Each structure stands twice: as C-alpha cells, then as structure tokens.
Amino acid sequence: MKYDYLIVGAGLFGSVFAHEAVKKGKKCLVIEKRPHIGGNVYTENTVGVTVHRYGAHIFHTSNKAVWDYVNGFAVFNNFINSPVAVYRGEVYNLPFNMNTFAKMWGISSPAQAKEIIGRQVREAGVSNPKNLEEQALSMVGADIYHNLIKEYTEKQWGRDCKDLPAFIIKRLPLRFTYNNNYFSDAYQGIPVGGYTQIIEKLLAGCDVKLNCDFIENRTELEKLADKIVYTGAADRLFGYACGKLEYRTLRFETEVLDVENFQGNAVVNYTSHEVPFTRIIEHKHFEFGSQPKTVITREYPDEWRDGCEPFYPVNDEKNNALAAVYAEKAVKAGYILGGRLADYKYYDMDKVILNALELAARLL
Ligand code: UDP
C-alpha cells in the first residue's frame with residue numbers, strides 16, 4: 001500500500017484529520033471531487049474582497065482548545081455576527097434580544113419584554129414542544145414567531161414548521177439584554193484573508209488530488225491505502241442501496257457592485273416569504289473592508305437534487321434513521337465516516353474540528 005490513509009474530501013474534517021495524521025508520520029492521500037480544496041469553507045478573492053463561496057462561515061466556539069488550534073493557522077479578527085432581519089420593510093436586530101423587542105413593541109425594559117413574551121407563550125399553551133413551531137411559540141411567543149421565524153424557516157427548509165425538528169431553532173439565543181451577538185460562544189472571529197489559507201496549511205505534507213471523485217474511481221483508489229476516511233454523502237457511498245437521504249441545497253447569486261457599502265452589515269435576513277431568498281451576505285463586512293467595490297450574495301434555498309451541492313441535512317426522524325443505517329453499513333465495510341455531510345449532522349465548524357481531532361487521537 002502506498003498510503004496509510006486515503007481521505008475522501010478536502011473539507012474541514014478531512015483536512016484536520018490529514019494534518020494530524022501527517023504529524024504522526026502517516027502517509028496521506030487527500031482526494032477532492034471539486035476543483036479546489038476547502039469544501040464549503042472555501043473562500044476566494046474577488047475584486048479584493050474575501051468571498052465565502054458556499055455561504056457565510058463565521059467561526060465561533062466555546063472550546064478553548066479548538067480556538068487555539070484554528071488560531072495556529074490564521075489570524076482571526078474580532079468580527080461578531082450581528083445579523084439584522086427585514087420583515088415587510090421593517091428592520092429588526094437578531095438574535096431575539098432587547099433591541100428586537102424594543103422595535104417590535106415600542107418598549108424599553110426587560111420586565112416589559114418578559115411580560116409580553118410570557119403572555120404570548122401562555123396563550124400558545126405548549127407544554128412539551130414536539131416540533132419547530134411549538135418550540136418557537138413556547139420560547140418567544142406569536143409575534144416573533146410570525147415576523148421573524150415562520151416564513152424564513154419555511155423558505156429555508158421547504159417544509160411546514162410543524163414538520164421540522166425543534167432543535168433547529170434552539171440554535172438561536174433569546175436574551176433580555178441589548179446584545180446583538182448572534183452567538184453565545186466565548187470565542188468568535190473571521191480568519192483575515194479567508195479560510196482557504198487554513199486548509200492549505202492543514203494539507204501541507206499530504207498528496208492532494210483535485211477533480212477526483214471517489215465513487216467514480218473507487219476500484220483503483222481503494223487499492224492505494226490501508227484505511228479510508230470518507231467525508232462525502234453516506235448514501236452515495238453505498239449506491240443509495242437503502243434509499244436517499246434528503247438534503248437542502250442553496251443556490252447562490254453573487255454580484256460585484258460598484259458601490260462601497262450596499263447593506264451596512266455582513267448578513268441581512270429576509271424573513272418574509274414574499275422575498276424568494278433567505279439572506280444577503282455582503283462579504284467585505286466580515287473583514288471590515290473599505291474597498292471601493294462590494295460583493296454580495298443572495299441565498300436561495302431549494303430541495304437537493306442530483307447535481308446540486310448538499311448543504312443542510314434534513315434531520316427529521318425518517319432521515320436520521322436512514323443515516324444511522326448507512327453509518328452502520330460504513331462501520332461494517334471498514335470505512336471511517338466524518339464531517340457534516342457523512343455524519344448527516346447540522347454541525348458548526350468547531351464541532352467538525354473537534355470530531356476530527358478526537359478521531360485522530362483515537363486512531364493515531
Ligand atoms: N431562523 C429564523 N429566522 C432568522 C434566522 C434563522 O427563523 O432570521 C431559524 C431558521 O429556522 C434557521 C435556524 O433559525 O434554519 C438556524 O439559523 P442559522 O442562522 O443558525 O442557520 P445557518 O446559518 O446554519 O443557515
């Protein structure tokens with residue numbers, strides 16, 4: 001065997017694992033279907049602006065070891081994600097906090113906000129939330145649910161909020177302070193110059209082959225290494241033998257505009273169903289840019305079909321059960337699965353890195 005590890009996918013999981021393996025003296029071949037490394041964290045320079053080609057990636061974590069690890073590969077700035085939401089012409093701060101409540105109800109104190117939300121939560125009468133709608137109503141009440149959650153979520157997931165798992169909305173904090181920080185983690189920032197440099201450094205010392213699809217070249221590739229770490233879609237690995245997993249995909253419409261500042265913020269969400277996209281990213285604001293031009297991306301969610309990129313797992317009971325079947329098949333067949341796509345989990349970047357480091361510690 002020429003390699004100790006064949007790593008399928010040059011995204012965050014594969015690259016962190018490859019780096020750790022090389023550190024331990026292992027020979028690794030990383031193959032990647034796309035013409036570039038980085039998976040969905042890939043960034044590229046357009047008119048002097050770092051563009052997050054596959055959607056906004058804001059690094060945040062409460063894990064000091066993971067934070068120290070990523071800081072070893074890039075300088076992180078002090079960007080704090082403070083998105084705003086536009087609903088029928090009105091602008092609200094996110095996540096749900098005193099700024100949001102002041103705008104929504106013309107109030108100013110936490111006691112007033114708690115009184116209104118408490119009343120709406122009681123009116124909703126949900127004691128044991130079983131889906132996203134019930135979770136949202138029992139957390140923030142009807143006004144916030146209808147103006148800022150329901151239509152956005154139904155656009156994003158293409159499903160009724162009653163048919164979605166509650167955990168999705170638990171990602172968003174609810175605060176009774178004037179704090180617009182979308183995340184509650186201890187550490188947050190954007191790598192200055194983008195994520196691709198991190199992946200390049202992680203992959204130093206490995207052989208990397210781009211434009212190489214594992215499934216299409218399986219017979220030759222499997223002969224090259226003792227062990228295979230696979231970060232692609234698990235259903236595709238087994239020819240969809242037990243059925244297809246569902247994913248949401250995103251269509252990105254990116255434009256270079258001849259203006260210095262288009263929307264005044266990195267992320268603006270459009271929470272009404274009348275607007276067909278979910279959000280507009282203005283990439284330069286991730287790095288506090290002052291370039292004369294700007295690059296914006298509109299995100300249009302859609303159901304995944306063959307030929308699209310699978311971005312979000314649809315973690316309902318049916319899909320989770322199928323994912324578990326494929327995970328078991330992978331173990332039996334001797335593949336090591338990892339990352340957001342192969343694990344079929346809605347991971348943030350820090351969790352992906354942590355999982356790769358833990359796998360490396362176990363195997364190497
Ligand atoms: N969400 C919402 N309104 C918003 C933003 C988010 O209702 O303005 C809900 C929606 O259900 C979404 C979930 O919160 O799927 C998680 O949002 P997040 O921004 O964490 O998603 P991501 O950045 O991963 O797309």
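Source: prediction; values computed, not measured. Along the sequence shown, residues carry numbers from 1. Every number for a ligand or one of its atoms is a count from 1 in the order of the listing.
- Heavy atoms only, all atoms of each residue included: C242 and V325 are closest at SG-CG1, 3.9 Å.
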Can you list the steps and then say if D348 with R171 is a salt bridge (charged side-chain N to carboxylate O under 4.0 Å, His left out)?
CA-CA 10 Å; D348 289 327; R171 289 167 65 87; 3.1 Å; yes
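- Within 4.0 Å of ligand 1, counting heavy atoms only, the contacting residues are L94, L148, I149, Y152, T153, Q156, W157, I168, I169, R171, L172, Y182, N269, T271, R279, Y312, Y346.
- Listed by chain and number, the residues in a ring-ring contact (aromatic ring centres under 6.0 Å, His included) with Y92 amount to none (sequence neighbours excluded).
- Side chain to side chain, E246 and Y312 fail the donor-acceptor criterion of an N or O pair below 3.5 Å.
- The ring of H52 has its center closer than 6.0 angstrom to the ring center of F286.
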Pair Y300-F252, ring pair (Phe, Tyr, Trp, His ring centres under 6.0 Å): steps then yes or no:
CA-CA 6 Å; Y300 296 82; F252 298 108; 9.6 Å; no
